[in-house]
Amino acid sequence: MTRHHGRVPELPEVESIRRQLAPLLTGRTIVGVKATPQRRFSRLDEAAGRRISAVNRRGKYLLLPLVPAPGAGDPAGRSSPDRELVMHLGMTGSFRLADPDPYVRATFHLLADPAGPHGGEGAALHFRDVRRFGRLSVVDAGDYSTIATLAQLGPEPLSEEFRPDAFHAALAGSRMPVKPYLLTQRPVAGVGNIYADEALWRARVNPHARRVGRERARALWEAIRAVLAEAIEREGTTFRDYAMVNGESGRFATFLTAYGQAGRPCARCGEPLVKTVLGGRGTTYCRVCQRR
DNA sequence: CTAACTACCTGAACGC
DNA sequence: TGCGTTCAGGTAGTTA
């Protein structure tokens, strides 16, 4: 599976993972789950005996609808999902199909796939997570009431549901500084610390701003869409062609203009970017371009 | 209800 | 070299 160069998975990374997992998991039946006891795992046993009917994404969450598999007393099986596997990668979560190591926290054993490339050989999906911030939950299909952030998740940034006027209204209705508010996932889904800094820089919005006017909100709306779309595109394309320098790809280093660039000159005005702590999170921005 | 604060978790980086 | 301390950060739970 994809390595993430030490980056925390945000929407583009999760979408990249979704695209890799979808052809591997869709239609496969989970026969068993083995997981280390963790407070962020719940009801995983209910995934057993169910078939993955899709691999979807909302924000940074992966959503796998689960359909009861035909059993002894249920020969026909049902076609609609009655459960859903909700997965969040946290800080360090990733998936792999082979080579489990001590950091694998959960393994989903899959029924042999007769149509698969290995002629029906059984397989397993391993969830690896060094820091254990990831979350794996089986819920009643469509019922996210136990996952507050998902239940209140804002619109998908690259969908038609994400509208500049509603986004402006959301920003106007919050008394929080704009960056921490973005990180709540409520005004828009999937923006984390990295792309928040990037989008705010692009839109010239100060991360501390508690009031964002219509024009600036519109610019931020556009910047969020642009930076996420560009990141998704890069995840899916030139990945392997870049020389790896100290664990990061060259494309990654050149792509980001704010995050991780503290002390380096702003690409627009040359002023050294500053790093502060806002809402408990490292925040890099330009004091000149991103005036209050 | 909103917003602010803290806990969770562990390897890496840093200081002496 | 080795050990102790600090940092990173998404989310959830608690408190005001």
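Below, chain A is the first sequence line, B the second, and so on; all start at residue 1.
Residue pairs meeting the side-chain hydrogen bond (donor to acceptor under 3.5 Å, both in side chains) criterion with at least one partner in residues 152-172 of chain A, sequence neighbours excluded, are A:Arg57-A:Glu156, A:Arg58-A:Glu156.
A donor-acceptor pair is defined here as one N or O able to donate and one able to accept, closer than 3.5 Å; such a pair exists between the side chain of A:Glu84 and the backbone of A:Gly142. Side-chain atoms of A:Arg268 come within 3.5 Å of backbone N or O of A:Trp201 as a donor-acceptor pair. Using a distance-only test at 3.5 Å, with no hydrogens or angles considered, a donor-acceptor pair links the side chain of A:Arg96 to the main chain of A:Asp99. Side-chain atoms of A:Thr26 come within 3.5 Å of backbone atoms of A:Ala22 as a donor-acceptor pair (strictly under, hydrogens ignored).
Within residues 145-159 of chain A, no residue has any heavy atom under 4.0 Å from DNA chain B.
Side-chain atoms of A:Gln261 and A:Thr284 include no donor-acceptor pair closer than 3.5 Å.
Scanning for ring-ring contact (aromatic ring centres under 6.0 Å, His included) contacts around A:Tyr144 gives an empty result, with sequence neighbours left out. Scanning for ring-ring contact (aromatic ring centres under 6.0 Å, His included) contacts around A:Phe127 gives A:Phe95, with sequence neighbours left out. With sequence neighbours left out, the side chain to side chain contact (heavy atoms under 4.5 Å, CB included) criterion links A:Arg202 to A:Ala223, A:Ala226, A:Val227, A:Glu230, A:Phe255. Applying the side-chain hydrogen bond (donor to acceptor under 3.5 Å, both in side chains) test to A:Arg18 and every residue at least two apart in sequence or in another chain returns A:Glu15. Listed by chain and number, the residues in a ring-ring contact (aromatic ring centres under 6.0 Å, His included) with A:His126 amount to none (sequence neighbours excluded).
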Contact state string [nucleotides 7-13 of chain B, B base, S sugar-phosphate only, - no protein heavy atom under 4.0 Å]: -BBBB--
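Nucleic acid contact class of A:Lys275 (heavy atoms, under 4.0 Å, all strands): sugar-phosphate only. Using a 4.0 Å heavy-atom criterion, one finds that A:Gly282 contacts the sugar-phosphate atoms exclusively.
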Atom pairs, protein N/O to nucleotides 3-5 of chain B N/O, distance under 3.5 Å:
{"from": "B:dA3", "atom 1": "OP1", "to": "A:Arg175", "atom 2": "N", "distance (Å)": "2.6"}

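The C1' atoms of five pairs define one axis at each end of the helix from B:dT2-C:dA16 to B:dC16-C:dG2, and these two axes lie 40° apart (to 10°).
Nucleotides of DNA chain C that come within less than 4.0 Å of any heavy atom of chain A span, from the 5' end to the 3' end, C:dA8 to C:dA12.
Between A:Phe133 and A:His88, the ring centre distance reaches or exceeds 6.0 Å.
Ring-plane geometry between A:Trp221 and A:Phe162 is classed as tilted, the angle between the planes lying from 30 to 60 degrees on a 0 to 90 degree scale.
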Residue pair A:Leu44, A:Leu136: steps toward the side chain to side chain contact (heavy atoms under 4.5 Å, CB included) verdict: CA-CA 7 Å; A:Leu44 293 185; A:Leu136 305 179; 3.9 Å; yes
Solution key, residues 171-186 of chain A side-chain donor-acceptor pairs under 3.5 Å, sequence neighbours excluded:
{"from": "A:Ser174", "atom 1": "OG", "to": "A:Met176", "atom 2": "N", "distance (Å)": "3.0"}
{"from": "A:Lys179", "atom 1": "NZ", "to": "A:Asn193", "atom 2": "OD1", "distance (Å)": "2.6"}
{"from": "A:Lys179", "atom 1": "NZ", "to": "A:Asp197", "atom 2": "OD1", "distance (Å)": "2.8"}
{"from": "A:Lys179", "atom 1": "NZ", "to": "A:Gly282", "atom 2": "O", "distance (Å)": "3.1"}
{"from": "A:Lys179", "atom 1": "NZ", "to": "A:Thr283", "atom 2": "OG1", "distance (Å)": "2.9"}
{"from": "A:Tyr181", "atom 1": "OH", "to": "A:Ala170", "atom 2": "O", "distance (Å)": "3.4"}
{"from": "A:Thr184", "atom 1": "OG1", "to": "A:Tyr181", "atom 2": "O", "distance (Å)": "2.6"}
{"from": "A:Thr184", "atom 1": "OG1", "to": "A:Arg186", "atom 2": "N", "distance (Å)": "3.3"}
{"from": "A:Gln185", "atom 1": "OE1", "to": "A:Gly190", "atom 2": "N", "distance (Å)": "2.8"}
{"from": "A:Gln185", "atom 1": "NE2", "to": "A:Leu183", "atom 2": "O", "distance (Å)": "3.2"}
{"from": "A:Gln185", "atom 1": "NE2", "to": "A:Val191", "atom 2": "O", "distance (Å)": "2.9"}

